[in-house]
Every structure is written in C-alpha cells, then in structure tokens.
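Report on one structure; see the data block that follows.
Proteins get letters first, then strands, A, B, ... in listed order; numbering begins at 1 in each. For the numbers below, each heavy atom of this structure counts, side chains included, while hydrogens, waters and symmetry mates do not.
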Amino acid sequence: MKKLERRDYRGPVGVFAAYLALQAGTGAVLLAAKVGLTPEAIARYYRGSEETFAAPKSLTGLLEVAVPHLLAIPLVLFAAAHLAVLVRPGRGPKALGALGFAAAAVAIGAGFAVRYLGPGFAWLKLAGSLGLLATLATWVGLLVAGWRRA
Amino acid sequence: MRFLLDGPPTGRGTRPLVLGFLGFCLLFLAGFAAQRAAQGGLTAAGVAEHYLGPAEFPEPIAPLALWEEAHVNAFFYGFLLLLLGSVAVAGRVAPRPRAALLAFAFAATLADLAAPFAIVWAGLPAAARVATLFASQLSLLALVAAAALGYGRRAVR
C-alpha cells in the first residue's frame, strides 16, 4: 500500500486555512462594529457611557465572551502553528506562535483591565486584538504557502 | 495532529479511538441540527421569521448577530473539516471520492455561513438556508461515514 505523504493532506489543510481566514475576518468585523477601533470607543464599550446610556459590562457578560475564547483561540493557534511547522520548521513559525499566544492573552485579559482597572488599558486591548488578527492572517499565509509546496 | 499526518503506529489498534471521535462528531451534528430546528431552521417560514422577523411586524435581525453566528460556525466547520478530512486521508479513502466529499462539504458549509447574510441583505429566499443546512449536514455525515469505513481497515502501514 502506498505510504501516506504530506501532500495527501493539502485538501483538509487548505479548507482549514480558508476557515481560519473567515474566523479572523468575522472577528475583525465584530471588533470594529461591536467594541470599536479607538481607545475611547473601547473604554465606552467596557465601562459604559452616560452620554449613550450604555451600562458597564458585567462580570458575567465579560466571562461569557472570555471563557469560550480562552479555549478556542489557543486551539486555533496551536493547530495552525502545528500544521505550519510540519512543512516549514524553523524559528519564524515558533516566534509567530509565541507572539500569537501573547497577543491572545493580552486581547482577552485587557477587556477585564479596562472594565475594572481603568480606561488607560484600552490601548492594550486594541494592540492585543490587532496583534492577534495580524498573527492569524500570517498563519493563513504560511499555511497556504507552505502546504502548496508540500 | 502529528498522529493524523504521520499516520497511526498501527492502524487497527487506533480504530476504536478514531471511531469514538467520529461518534462524537455525529452527536455534535445531531445537536447542531436540533439547535437549528429549535430556531425554526427546518422550514422556510421559520428561517424567515428568525432572520427577518414576523410577517406582520418585519424587523431583520441585527447585523452583529449575523456576524457572531458566522464567527462561531466558522470555528466549528473549520475544525470539523480539518479533522474529518485528515481522518479520511489516514483511512485511505480513495483520493477522488475523498476530494469530492471534501469539496462538497466545503462548498455546503460555506453556503450555510453565507446564506443568512444573503437572506437579510440581498433578499435570498429563506428556503435557501434550509437547503444549506441539509446540504452541510449531509456532506459532513458522508465524510464521517467515509472516515469510519476506511479508518483502521485499510490504514495498516
């Protein structure tokens, strides 16, 4: 029987890369439309606003968003990194993996910091979220480029 | 992941493990379909009411809810297709049927993600979402079946 080769897996990996791009794309839209892309908008979203009669986020509401993401984001990053490293080992993917996990931790944690510690952490939330989106986009590129040559 | 990509050490020995995973995929698909059915997803009228509001007082669903649904389902579909597709490869499902099944599942699940946007923003008939639910479920069930039939029977290296 023919031995399995890496290229036999190009189909499933390609489909995963396409859905990874969709997850990142829809995540970007949600960040922009729901939370906002400026520190002021982010602070308003988490801490509420008297002008718009928006209530501050409750701990339950914050956890409802954070807890599923604490599993889903590392799982996505782990799978993407693993698939990329299999066809392109080296320092680049490892550094990108570390950057992705760090950005995800900041993006998730900074929401709580903005709500309970101060609006100044909104910059951190923005940096973490944009960093995570950039990391995901890079993983998609690495997966497509790496597995095309596999 | 390496288990799938490098192949199992002994195909037959790992068959119960893979069948257990595929069993949970079936449970997930059943639960997913039940959830959609509970939202009226099995009839065009139910889908229309969910996304466009009741006929007497039409009020389309908020755009954010559409994006949130797509965001969550893209996660589910992405992982299901990666894992089921990989098990089908490791299970030595013949390349052409495997590629056809994966392409069908990709197209059907993508259509299922896009249909709500098309219904709310472009006036696509609500029946389309019923069709995409059936097509995506059917295609994923076919992948589960192909993987279950192939894995461990022909995967001995």
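Linking ILVMFWY side-chain heavy atoms closer than 4.5 Å, directly or via other members, places A/V114 and A/I108 in two distinct hydrophobic clusters. Placement of A/F112 and A/L126 within a single hydrophobic cluster is found when ILVMFWY residues are connected by side-chain heavy-atom separations under 4.5 Å, directly or transitively. Transitive grouping of hydrophobic side chains (ILVMFWY, heavy atoms separated by less than 4.5 Å) brings A/L22 and A/L143 into a common cluster. Tracing side-chain contacts under 4.5 Å through hydrophobic residues (I, L, V, M, F, W, Y), one never reaches A/L99 starting from A/L130; they form parts of separate clusters. Residue B/L110 is grouped with residue B/L102 when hydrophobic side chains (ILVMFWY) are merged at heavy-atom distances under 4.5 angstrom, including chains of intermediate members.
With B/V87 as reference, B/V18 is the one residue of B/V144, B/V93, B/V18 to meet the side-chain contact (heavy atoms from CB on, under 4.5 Å) rule.
When all heavy atoms are compared, the tightest approach of B/A148 to B/R15 is O-NH1, 2.9 Å. The two residues B/T109 and A/Y19 make their nearest non-hydrogen contact at OG1-OH, 2.6 Å. Contact between A/F78 and A/F101 at its shortest, heavy atoms only, is N-CZ, 4.1 Å. The two residues B/W121 and B/P63 have their closest heavy-atom pair at CZ2-CB, 4.2 Å. Of all heavy-atom pairs between B/A105 and B/L143, the closest is CB-CD1, 3.9 Å. Residues A/V106 and A/L124 share a closest heavy-atom pair of CG1-O, 3.4 Å.
With a 4.5 Å cut-off on non-hydrogen atoms, B/L80 does not touch chain A at all. When heavy atoms are compared at a cutoff of 4.5 Å, A/A18 approaches chain B solely by way of its side chain, counted from C-beta outward. In this structure, the portions of A/L75 lying under 4.5 Å from any heavy atom of chain B include both its backbone and its side chain.
Here the straight-line distance linking atom CD of B/E56 with atom CD of B/E49 works out to 7.5 Å at 0.5 Å rounding. Between the CG atom in B/L29 and the CZ atom in B/F24 there is a gap of 13.0 Å [rounded to 0.5 Å]. Atom-to-atom distance recorded for A/R47:CZ and A/L117:CG is 8.5 Å, nearest 0.5 angstrom. Considering SG of B/C25 and CZ of B/F32, their distance stands at 13.0 Å, rounded to 0.5 Å. Here the CZ atom belonging to B/F21 is positioned 10.5 Å from the CG atom belonging to B/L26, to the nearest 0.5 angstrom. One distance of note links CZ of B/F106 with CG of B/L101; it measures 15.0 Å at 0.5 Å rounding.
Taking 4.5 Å as the heavy-atom cut-off, the residues of residues 55-73 of chain A that approach chain B are A/H69, A/A72, ordered by number. Residues from residues 23-36 of chain A that place a non-hydrogen atom less than 4.5 Å from a non-hydrogen atom of chain B comprise A/Q23, A/T26, A/G27, A/V29, A/L30, A/A33, A/K34, given in numerical order. Residues of residues 69-78 of chain B having a heavy atom under 4.5 Å from any heavy atom of chain A, listed by number: B/A70, B/H71, B/A74, B/F75, B/Y77, B/G78. Within residues 127-139 of chain B, no residue has a heavy atom under 4.5 Å from a heavy atom of chain A.
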